[in-house]
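Here is the structure we will look at.
Order of listing sets the numbers, starting from 1, for every ligand and every atom in it.
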Amino acid sequence: MVKVSIKGQTAPGSLAESVRHVKVKLVTISGKGGVGKSLVTTSIAVGLAMRGYKVGILDGDVYGPTVPKMLGLTQSVMYADEKSGKITPVTGPLGIEVVSIDFALPSDDTAVIWRAPLVNQALRDFISQVEWGPLDVLIVDLPPGTGDAPLTIAQSLQGGLDGSIIVTIPTDISRRIVLKSIDFSRRLNIRVAGVVENMCCFKCPDSGTTHYIFGRGVGEKIAEAAGVPFLGGIPIDPEFSQHLDAGKLHEFLQRENETSKSILAIVDKLVEFYRERLTQTPPAPQRRVSLMKLPGDEEES
Ligand SMILES: Nc1ncnc2c1ncn2[C@@H]1O[C@H](COP(=O)(O)OP(=O)(O)OP(=O)(O)O)[C@@H](O)[C@H]1O
Ligand SMILES: [Mg+2]
């Protein structure tokens, strides 16, 4: 079994409490793995920080945490505050606060081999022990799918979430998966902030021609059919991918290029969507709401 280590003595707390100083709480969802959900989460966080907002990312992918790597934070360790016993997020580039199970694993190659009930418990404990400071936006990168782990996190934060960002790629197979993600979001009473179409196109560096490899406007059509906003598309960009692998996503996006423009356009739509909340003073702690019961919940508790 994997041992997670957090430096210092941690103390339990409630989830509603841990996010009480956060103005806008978002989750990124994708019913399908590998479509670029973590990349979109991290890019939006960087884009928001570039626009001057104070941002946090909760990397909720226990089995495949990737957010720290994208931001070059692989050597970081999470500490528990001496007085409160709360876990302090790691501060990354542009002041982005990051919490990930990756910071608590002994090495980069350690696999988390946990069965679902243990993951659920670990996630609940872990999330509620974090002390998020005042943030404009917290983005939670949910694990892929609509199964146990994403459900646990979404349910745990239920009542406090302001929206979901659905990530897809422009293929017909994705259409059905997006609809599932939208259904997941709605059934958990999380408002859909919009759909992001990752890998929408590819701009040939030689000819300058843009190719819509999987089809043009697919993400927009999916969003329209589902009656949810379309936030925008992000091109396939090999240079972006190289920077990601090198832990320099933030550096790449701070340079002016087509990809950073497309991400900032998405960020600006989100800012517009949540303008009222973002201009408010931090909300008072949310009242605890009873969690929606779903099939299988009873067995676990
Ligand atoms: N627009 C893009 N341009 C270039 N590379 C991309 C793009 N989107 C995704 N990738 C590549 O695809 C890989 C997978 O992306 P990412 O880790 O964000 O997917 P994910 O949906 O979070 O995966 P998982 O379901 O495993 O959590 C990345 O390592 C990145 O290199
Ligand atoms: Mg991921």
Charged N to carboxylate O below 4.0 Å: is that the case for E272 and R275?
yes

Indicate, with yes or no, if Y212 and I234 share a hydrophobic cluster defined by side-chain heavy-atom contacts under 4.5 Å among Ile, Leu, Val, Met, Phe, Trp and Tyr.
no

So which heavy atom in the protein is nearest atom 16 (P) of ligand 1, and how far is it from that ligand atom?
G36 CA, 3.7 Å

D61 heavy atoms, cut-off 4.0 Å: which ligand 1 atoms fall inside?
27 (O)

Based purely on interatomic distance, does M70 place a nitrogen or oxygen under 3.5 Å from a nitrogen or oxygen of ligand 1?
no

So, for atom 14 (C) of ligand 1, does the protein have a heavy atom nearer than 4.0 Å?
no

Heavy-atom nearest neighbour in the protein, as seen from atom 4 (C) of ligand 1, with distance rounded to 0.1 Å
D237 O, 3.3 Å

Which of these, S262, G33, P238, S241, has its nearest heavy atom closest to atom 5 (N) of ligand 1?
S241

Less than 3.5 Å between some nitrogen or oxygen of D245 and one of ligand 1, yes or no?
no

For ligand 1, which atoms sit closer than 4.0 Å to a heavy atom of P235?
1 (N), 2 (C), 3 (N)

According to a 4.5 Å side-chain heavy-atom criterion applied to Ile, Leu, Val, Met, Phe, Trp and Tyr, with indirect links allowed, do I177 and L142 form part of one hydrophobic cluster?
no

Does the pair D141/K37 count as a salt bridge with the N-to-O cut at 4.0 Å?
yes

Can you name the atoms of ligand 1, numbered from 1 with element, that are less than 4.0 Å from a heavy atom of I236?
1 (N), 3 (N)

So for ligand 1, is G34 a polar contact partner (N or O within less than 3.5 Å, distance only)?
yes

Using only heavy-atom distances, determine whether the side chains of S262 and T259 contain a donor-acceptor pair under 3.5 Å.
no

Would you call V98 and F103 a side-chain contact if the rule is heavy atoms closer than 4.5 Å?
yes

Quiz question: by atom type and distance under 3.5 Å, do the side chains of R216 and H211 form a donor-acceptor pair?
no

With the side chain counted from C-beta on, respond yes when L94 and V46 share a heavy-atom pair under 4.5 Å apart, and no when they do not.
yes

Please determine whether S38 has a backbone or side-chain N, O or S atom lying under 2.8 Å from the Mg ion (ligand 2).
yes

Kindly give the heavy-atom pair with the smallest separation between S43 and L249, and that separation in Å.
OG-CD1, 3.8 Å

Output yes when a protein non-hydrogen atom is found under 4.0 Å of atom 11 (C) of ligand 1, and no otherwise.
no

Per-atom contacts of ligand 1 with M199, taking only distances under 4.0 Å to non-hydrogen atoms:
8 (N), 9 (C)

Just to confirm, does any protein heavy atom lie below 4.0 Å from atom 2 (C) of ligand 1?
yes

Pull out every atom of ligand 1 sitting under 4.0 Å from any heavy atom of K37, numbered as shown with elements.
18 (O), 19 (O), 20 (P), 21 (O), 22 (O), 27 (O)

I need the nearest protein heavy-atom contact for atom 18 (O) of ligand 1: residue, atom name and distance, please.
L39 N, 2.8 Å

At what distance is the nearest protein heavy atom to atom 29 (O) of ligand 1, and which residue and atom is it?
L244 CD2, 3.8 Å

Using the side chain to side chain donor-acceptor pair (under 3.5 Å) definition, which of the options K54, R277, K23 pairs with D136?
K23

Report the nearest protein non-hydrogen atom to atom 8 (N) of ligand 1: residue, atom name, distance rounded to 0.1 Å.
N198 ND2, 2.8 Å

I'd like to know whether R51 forms a salt bridge (Lys or Arg N to Asp or Glu O under 4.0 Å) with D268, so could you lay out the CA-CA distance, the side-chain angles of the two residues, the decisive distance to 0.1 Å, and finally the verdict.
CA-CA 9 Å; R51 290 290 195 233; D268 290 341; 2.8 Å; yes

